[in-house]
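A, B, ... follow the sequence lines: proteins, then strands. Residue 1 opens every chain.
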2 protein chains.
Amino acid sequence: MLKEGQKSASSHNLSGLLGINAWQIRKDFSYFGAFGTPGVGYDIEKLVKQVKKILKLNEPKKAALIGVGNLGSAVMSYAGFGIYDFNIAAAFDINPKKIGRKISNIRIEDVSNLQVLKKQKINIAIIAVPREAAQQTADALVKAGVKGILNFSPCHIKVPKKVKVITIDIAMDLARLPYYMPAG
Amino acid sequence: MLKEGQKSASSHNLSGLLGINAWQIRKDFSYFGAFGTPGVGYDIEKLVKQVKKILKLNEPKKAALIGVGNLGSAVMSYAGFGIYDFNIAAAFDINPKKIGRKISNIRIEDVSNLQVLKKQKINIAIIAVPREAAQQTADALVKAGVKGILNFSPCHIKVPKKVKVITIDIAMDLARLPYYMPAG
DNA sequence: CTATGTGAATTTATTCACAGCA
DNA sequence: TGCTGTGAATAAATTCACATAG
């Protein structure tokens with residue numbers, strides 16, 4: 001809406017766009033203060049700024065990718081991170097044939113060098129390694145000072161409480177569909 | 001655990017493995033009946049069978065992929081669907097250069113031919129097209145009789161109530177991390 | 001003795017309904 | 001008149017605690 005030059009949006013506008021009830025949107029916003037103007041709606045520019053601040057997205061962030069296989073490569077060239085000011089600034093793999101190659105202008109490093117993340121002040125990582133290697137990769141990331149992990153491996157990963165993991169299990173999400181579908 | 005030849009598991013075993021409280025696991029199972037043996041735990045083979053039945057995963061399923069770009073190609077060659085007896089049996093794209101090519105032994109078809117899904121009795125689809133094309137792709141899928149959609153486009157998709165959509169927004173999931181991370 | 005299954009208690013989330021502001 | 005913000009009401013999910021079965 002910002003890009004389309006729109007100035008304000010009501011909770012009902014947002015509702016239609018997001019598939020969330022209008023009262024839910026208002027209630028959620030209200031927990032963080034009052035951003036809107038009664039009778040008008042929400043000033044879009046202001047709203048974006050507020051929400052980014054709440055979600056701690058108010059400054060550019062760098063992330064590292066571990067595992068440059070099919071999925072990792074796709075993630076690397078995915079264009080959608082920019083909207084949240086994210087940038088994949090480092091890539092790692094265990095395969096000697098891949099190390100040294102470039103992908104999206106980033107040199108693929110040896111996964112045993114994860115410690116460089118500390119120097120580069122990258123504290124967010126994306127795990128796109130096989131399931132068997134996921135836990136040990138996470139352990140190494142934690143050692144390297146990473147505080148947030150997006151995990152594409154189909155398994156639960158154990159980390160210290162200070163570290164946040166969000167797991168995306170593609171196959172499981174696909175497998176959730178039949179439950180909601182009519183028999184046949 | 002089944003593959004490792006284990007026979008039974010307690011809710012505490014599962015808890016450690018899944019990162020879910022033991023009582024939550026027991027309560028969740030109990031909503032669908034009693035599968036366990038007090039003093040012993042759950043018979044793994046039986047449990048898997050029961051859960052697959054509940055989730056309607058007790059027979060092999062075919063899915064179609066729409067959009068064979070970076071992400072689509074990665075999804076196509078992703079090995080993880082087999083565990084749920086899923087098989088990607090058709091692929092579509094809008095790019096004439098891609099149509100006719102093969103990927104994972106599947107011929108890429110023209111997206112304007114989505115109607116063939118009806119004949120092939122495929123009622124689950126994966127959307128991996130750019131955001132701008134997502135809604136129209138979903139509309140075409142619904143027309144072709146699809147009842148379940150896994151949507152990788154970063155947008156909410158409107159479909160009739162009878163159709164289930166699960167959206168995976170990779171960038172949004174990455175962007176959720178900073179909120180939970182310590183300041184710095 | 002161990003581990004399930006489940007009522008009851010507690011906590012959390014959603015929905016309603018409307019006062020009040022532009 | 002239109003839309004926000006929010007207390008109150010309702011609904012849902014989680015957690016506890018323990019009777020009960022192997």
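Residue S10(B) places its side chain closer to dT4(C) than to any other of dC16(D), dT14(D), dT4(C). In the set dT4(C), dA17(C), dC3(D), the nucleotide with an atom closest to the side chain of R26(A) is dA17(C). For P38(B), taking side-chain heavy atoms from C-beta onward, the closest of the listed nucleotides dC3(D), dA3(C), dT15(D) is dA3(C). Residue K27(B) has its side chain nearest to dT6(C) when only dT4(C), dT4(D), dT6(C) are considered. Distances from the side chain of N21(A) to the nucleotides dT6(C), dT15(C), dA22(C) place dT15(C) closest.
Not one side-chain nitrogen or oxygen of Y31(A) sits closer than 4.0 Å to the OP1 or OP2 atom of dG7(D). Using a 4.0 Å cut-off, no side-chain N or O of T37(A) falls inside it from OP1 or OP2 of dT4(D). Taking only side-chain nitrogens and oxygens, S11(B) never comes nearer than 4.0 Å to OP1 or OP2 of dA3(C). For the pair Y42(A) and dG2(D), the criterion of a side-chain N or O lying under 4.0 Å from OP1 or OP2 is not met. The side chain of W23(B) places no N or O atom within less than 4.0 Å of a non-bridging phosphate oxygen (OP1 or OP2) of dC16(D).
Atom CD of Q50(A) and atom C1' of dG5(D) are 15 Å apart (whole Å). Rounding to whole angstrom units, CG of residue D43(A) and P of dA22(C) are separated by 15 Å. Between the C1' atom of dT4(D) and the CG atom of L14(A) lies a distance of 12 Å, rounded to the nearest Å. One atom, CD1 of I20(A), and another, C1' of dT14(C), lie 13 Å apart when rounded to the nearest Å. In this structure, CD of Q24(A) is placed 15 Å from P of dG5(D), rounded to the nearest angstrom. One interatomic measurement links the two molecules: NE2 of H12(B) to P of dT4(C), which rounds to 8 Å at whole-angstrom precision. The distance from atom CG of D28(B) to atom C1' of dA13(D) is 10 Å, rounded to the nearest whole Å.
Aromatic ring orientation, F35(B) versus F29(B): tilted (interplanar angle from 30° to 60°).
Contact annotation: the side chain of I149(A) never approaches that of L177(B) to less than 4.5 Å [non-hydrogen atoms, C-beta and beyond].
Taking each heavy atom of L114(A) and I66(A) in turn, the nearest pair found is CD2-CD1, 3.6 Å.
Taking the ring centroids of F81(B) and Y78(B), they lie under the 6.0 Å cut-off.
F32(A) comes within 4.0 angstrom of no nucleic acid atom, judged by non-hydrogen atoms across all strands. Counting non-hydrogen atoms under 4.0 angstrom, F35(A) reaches the backbone sugars and phosphates but no base.
Of the candidates L14(B), I25(B), D28(B), I25(B) is the only one forming a side chain to side chain contact (heavy atoms under 4.5 Å, CB included) with I20(B).
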